[in-house]
Amino acid sequence: MIVKDAQFVISNTDYRKCPQDDKPEYAFIGRSNVGKSSLINMLTNRKGLAMTSSKPGKTQLINHFIINDEWYLVDLPGYGYAQRGKEGREKIRVIIEDYILERAQLTCLFLLLDCRHEPQKIDLEFIEWLGESEIPFAIVFTKIDKISKGKLSDNMALYTSKLHETWDELPQIFYTSSEHKLGGQDILNYIESINKNIKE
Ligand code: GTP
Ligand code: MG
């Protein structure tokens with residue numbers, strides 16, 4: 001898949017105000033600072049299309065980007081940012097959950113996990129909730145430039161064994177570095193294959 005064109009369309013707090021056509025969309029979720037916005041910039045090869053920050057809590061809205069005039073990438077706010085306070089976290093939780101549960105065009109959700117960390121409760125609970133809610137999702141391990149290959153495979157082994165406790169079959173897994181521009185093409189090809197299936 002080649003991204004010929006990528007444009008910002010609209011930001012919302014409410015899924016009901018998101019674009020009303022029926023183009024397939026692919027959204028990115030995960031803890032604040034895991035690298036969702038950076039990944040969107042890497043996939044589209046456009047620096048600054050999605051706003052990034054070294055401070056967590058940057059993305060606070062549902063952001064739609066139209067790709068090749070055919071499908072959407074959606075940048076979501078991160079979950080679990082403690083500094084936001086209870087009320088702030090609750091507001092973001094409602095925005096995210098309503099979008100994920102109610103948005104009919106959501107074709108696949110990419111759940112991002114920082115490859116440097118061992119399995120975290122908040123992420124495992126989120127994965128359980130996706131399963132219970134029957135949301136189609138894939139996993140993306142981000143920031144692979146930050147650890148050695150050995151540490152990466154140790155963490156991946158921990159994650160897969162943890163996930164196998166509740167899942168017979170694991171979802172599709174991707175490995176990326178937005179810093180070193182790694183793994184983007186695999187995700188784009190995956191999206192392309194789903195788009196093709198939808199059309200057939
Ligand atoms: P929120 O919008 O706050 O939820 O965060 P986010 O998940 O969108 O993260 P964002 O893309 O803004 O990135 C957070 C920080 O991590 C930034 O300083 C990025 O430069 C850095 N970052 C993101 N991806 C990578 C990566 O693959 N490698 C490295 N080394 N840094 C990364
Ligand atoms: Mg962001």
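Atoms within each ligand, like the ligands themselves, are counted from 1 in listed order. Not measured: the values here are computed from a predicted model.
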Q: My understanding is that we take every heavy atom of each candidate and find the minimum distance to atom 17 (C) of ligand 1. Doing that for S53, G35, S38, which one comes out nearest?
A: S53
Q: For T107 and Q105, indicate whether the former's side chain and the latter's backbone hold a donor-acceptor pair under 3.5 Å.
A: yes
Q: Nearest non-hydrogen atom to atom 30 (N) of ligand 1 belongs to which of L112, D145, D114?
A: D145
Q: Could you list the atoms of ligand 1 found under 4.0 angstrom from a heavy atom of S177?
A: 27 (O)
Q: Of the listed options (H180, M42, K143, K55), which comes nearest to atom 32 (C) of ligand 1 when hydrogens are ignored and any heavy atom counts?
A: K143
Q: If I compare all heavy atoms of C115 with all of N155, which pair ends up nearest, and what's the gap?
A: O-ND2, 2.8 Å
Q: Among the clusters formed by ILVMFWY side chains lying less than 4.5 Å apart, do L106 and I194 turn up in the same one?
A: no
Q: Atom CE of residue position M51 - does it have more than 12 heavy atoms of other residues, nucleotides or ligands inside 6.0 Å?
A: no
Q: Show the atoms of ligand 1 that are less than 4.0 angstrom away from any heavy atom in S37.
A: 8 (O), 11 (O)
Q: Starting from atom 7 (O) of ligand 1, locate the nearest protein heavy atom and write down its residue, its atom name and how far away it is, to 0.1 Å.
A: K36 NZ, 2.7 Å
Q: Below 3.5 angstrom, do we get any N/O pair linking T176 and ligand 1?
A: no
Q: What protein heavy atom sits nearest atom 14 (C) of ligand 1, and how far away is it?
A: N33 OD1, 3.0 Å
Q: Do any of the N/O/S atoms of T59, backbone or side chain, fall under 2.8 Å from the Mg ion (ligand 2)?
A: yes
Q: Taking only heavy atoms of G57 into account, list the atoms of ligand 1 that are under 4.0 Å away from them.
A: 3 (O)
Q: For the residue pair F110 and Y26, does the interplanar ring angle fall in the parallel (under 30°), tilted (30 to 60°) or perpendicular (over 60°) class?
A: tilted
Q: Testing the basics here: between I147 and R116, what is the closest heavy-atom pair and its distance to 0.1 Å?
A: CG2-CG, 3.4 Å
Q: Taking backbone and side chain together, does S37 place any N/O/S atom at a distance below 2.8 Å from the Mg ion (ligand 2)?
A: yes
Q: Got an N/O contact under 3.5 Å between V34 and ligand 1?
A: yes
Q: Hey, is ligand 1 close enough to M51 that some N/O pair sits below 3.5 Å?
A: no
Q: Evaluate whether atom CG of D21 has more than 12 neighbouring non-hydrogen atoms of other residues, nucleotides or ligands under 6.0 angstrom away.
A: yes
Q: Can you find an N or O of D75 that's nearer than 3.5 Å to an N or O of ligand 1?
A: no
Q: When only distance counts, is P56 in polar contact with ligand 1, meaning an N/O pair under 3.5 Å?
A: no
Q: Give a yes or no on whether L111 and Y72 share a hydrophobic cluster (residues Ile, Leu, Val, Met, Phe, Trp, Tyr; joining criterion: side-chain heavy atoms under 4.5 Å apart).
A: yes
Q: Can you confirm, on distance only, whether ligand 1 has an N/O atom lying under 3.5 Å from any N/O atom belonging to T142?
A: no
Q: Ligand 1 and K146, any nitrogen or oxygen pair closer than 3.5 angstrom?
A: no
Q: How about NZ on K23, more than 12 heavy atoms from neighbouring residues, nucleotides or ligands closer than 6.0 Å, or not?
A: yes
Q: G78 heavy atoms, cut-off 4.0 Å: which ligand 1 atoms fall inside?
A: 4 (O)
Q: How about T142 and D114: does a side-chain donor come under 3.5 Å of a side-chain acceptor?
A: no
Q: Around atom 18 (O) of ligand 1, find the nearest protein heavy atom and jot down its residue, atom name and distance.
A: S54 CA, 3.2 Å
Q: Identify the heavy atoms of C18 and I62 that sit nearest to each other, and give their distance.
A: SG-CG2, 4.0 Å
Q: Note the single closest protein heavy atom to atom 27 (O) of ligand 1, along with its residue, its atom name and the distance in Å.
A: S178 N, 2.7 Å
Q: Determine, using the 4.5 Å side-chain heavy-atom cutoff (strictly less than), whether L109 and Y15 are members of one ILVMFWY cluster.
A: yes
